[in-house]
There are 2 protein chains.
Amino acid sequence: MAKMDRRIQKTQEALKNAVIELMGEKDFDNITIQDIADRANLNRGTIYLHYQDKYDLLDKLIESQINELEEMDKWACDEDWMDAFIPYFEYFKQNHLFFSTMLTSKGAGPSYFRTRLLAHCITGFKSEIDKESGKNSNLKDDVILQYAGTAYVGVIEWWILNGMPYPPQEMAKQVGALLERSL
Amino acid sequence: MAKMDRRIQKTQEALKNAVIELMGEKDFDNITIQDIADRANLNRGTIYLHYQDKYDLLDKLIESQINELEEMDKWACDEDWMDAFIPYFEYFKQNHLFFSTMLTSKGAGPSYFRTRLLAHCITGFKSEIDKESGKNSNLKDDVILQYAGTAYVGVIEWWILNGMPYPPQEMAKQVGALLERSL
DNA sequence: ATCGATCTGTTGATATATCAACAGATCATT
DNA sequence: AATGATCTGTTGATATATCAACAGATCGAT
């Protein structure tokens, strides 16, 4: 995601917010391209410059959100295991509308987003499994990853859908501690 | 203001908000075109497509705000004298950030905007002076208009700068009653 | 007084967004 | 089944926004 033309950024941002808003009001299948264009204050044709149809739009929106997470992976890497999660939970908080909408939406398959998010987390955890201390010598990587991944996603989901009852730092500390035990 | 290209609307809206924000932070003279472009998330060159310099920008921004008021004059015309002001005060409330910033700004001349607003109001009142009942037979139009205009603008200013302590309807009723006596 | 840094206003090539119009698809109603 | 209304995806002409680069102006610090 080097540098994108400002107009594309704005268009995508407007579309993202429009979709989030509309999905809060009706089922995704009942949302029309015209609705999205109107809400985003864009010409309908503009949408087709970037996407095939509304499903492709939703896909790519999710994709780009996941990509932002991947971007964060590169920066915060070798920090303390607890603090490493602070920026993530701050990010979740900033985009909580997106996450809560995507995690609860019924329309576009029962949370296709959840699946994508889980896959991303598992990929990210792969290189973090402790291979040295021997504590995992009897455990399969598959199992560890699935365990830690669903746990992590589950906590994120719980935190978002319950109004983010703890501050990001607290969540980062807790989740960091738990993940360190699991991996 | 028939129908404007969406892009121009968005650009102007972004610039308006950027200028409002920045004027809340520093003196207008110390604001750079680059600042405005950055805040509005626009290319600096784009500003020059529409304006000569930052002073022209401010002028035109004020101008367009006044124009919106003129647009409203056309619609709400022959209604009840009290209710006629409701949309105006709702409009003031919606744009209260603009009004409060423009009315307090020291940089661009001690409220050039106030002068423009007053001129607009006086123009609007011209056709509303009671010529029939005879109650104004001893009074000069000039004086009446200046009196009512400054009074009206003064109340708007007070209302905005004091956090809009009464709802728009209440303000419309009060101001409507007072203006009816004066004109 | 000179430097370096920033701001300014402008240019040209390019990318993107807009708008109006189109034909075909879908869907609800009659 | 026919009708009308809306949605869809696409097109072409046009308008606007972007970006990088430029030279000159301004200003503060050395």
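All values below were derived from every heavy atom in this structure, side-chain atoms included, with hydrogens, water molecules and symmetry-related copies excluded. First the proteins, then the strands, lettered A, B, ... as listed; each starts at 1.
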**OP:** Return the set of residues passing ring pair (Phe, Tyr, Trp, His ring centres under 6.0 Å) with B:Phe125 (not counting sequence neighbours), or none when no residue passes.
**Re:** B:Tyr152
Subject >> A:Thr104 side, atom OG1; A:Phe99 side, atom CZ - distance, nearest 0.5 Å >> reply: 13.0 Å
**OP:** Considering only NZ, NE, NH1 and NH2 on the basic side and carboxylate oxygens on the acidic side, decide whether A:Asp142 and A:Lys140 come within less than 4.0 Å.
**Re:** no
Subject >> A:Asn43: partners by side chain to side chain donor-acceptor pair (under 3.5 Å), with sequence neighbours left out >> reply: none
**OP:** Could you pull out all residues at least two apart from A:Glu90 that satisfy side chain to side chain donor-acceptor pair (under 3.5 Å)?
**Re:** none
**OP:** Tell me, please, which residues at least two apart from A:Asp53 pass side chain to side chain donor-acceptor pair (under 3.5 Å).
**Re:** none
Original post:
Would the B:Phe89 and B:Phe92 ring centres measure less than 6.0 Å apart?
Top reply: yes
Subject >> Partners passing salt bridge (Lys or Arg N to Asp or Glu O under 4.0 Å) against A:Arg44 (at least two apart in sequence or in another chain) >> reply: none
Subject >> Partner set under salt bridge (Lys or Arg N to Asp or Glu O under 4.0 Å) for A:Lys131, not counting sequence neighbours >> reply: A:Asp141
Subject >> All pairs passing side chain to side chain donor-acceptor pair (under 3.5 Å) where residues 159-173 of chain B contributes a residue, at least two apart >> reply: B:Glu170-B:Gln174
Original post:
Just the endpoints, please: which first and last nucleotides of DNA chain D, 5' to 3', lie under 4.0 Å from a heavy atom of chain B?
Top reply: D:dA15 to D:dA21
**OP:** Can you sort out the partners of A:Tyr48 under ring pair (Phe, Tyr, Trp, His ring centres under 6.0 Å), two or more places apart, ordered by chain and number?
**Re:** none
Original post:
Any link between A:Ile144 and A:Leu178 through a network of hydrophobic side chains (Ile, Leu, Val, Met, Phe, Trp, Tyr) touching at under 4.5 Å?
Top reply: no
Original post:
Near DNA chain D, which residues from residues 40-51 of chain A have a heavy atom under 4.0 Å away?
Top reply: A:Arg44, A:Tyr48
**OP:** Please report how far the helix from C:dA1-D:dT30 to C:dT30-D:dA1 bends, comparing the axis fitted to its first five pairs with the axis fitted to its last five, to the nearest 10 degrees.
**Re:** 40°
Original post:
Is there a residue in residues 5-13 of chain A whose heavy atoms reach under 4.0 Å of DNA chain D, and which residues are they?
Top reply: A:Asp5, A:Arg6, A:Arg7, A:Lys10
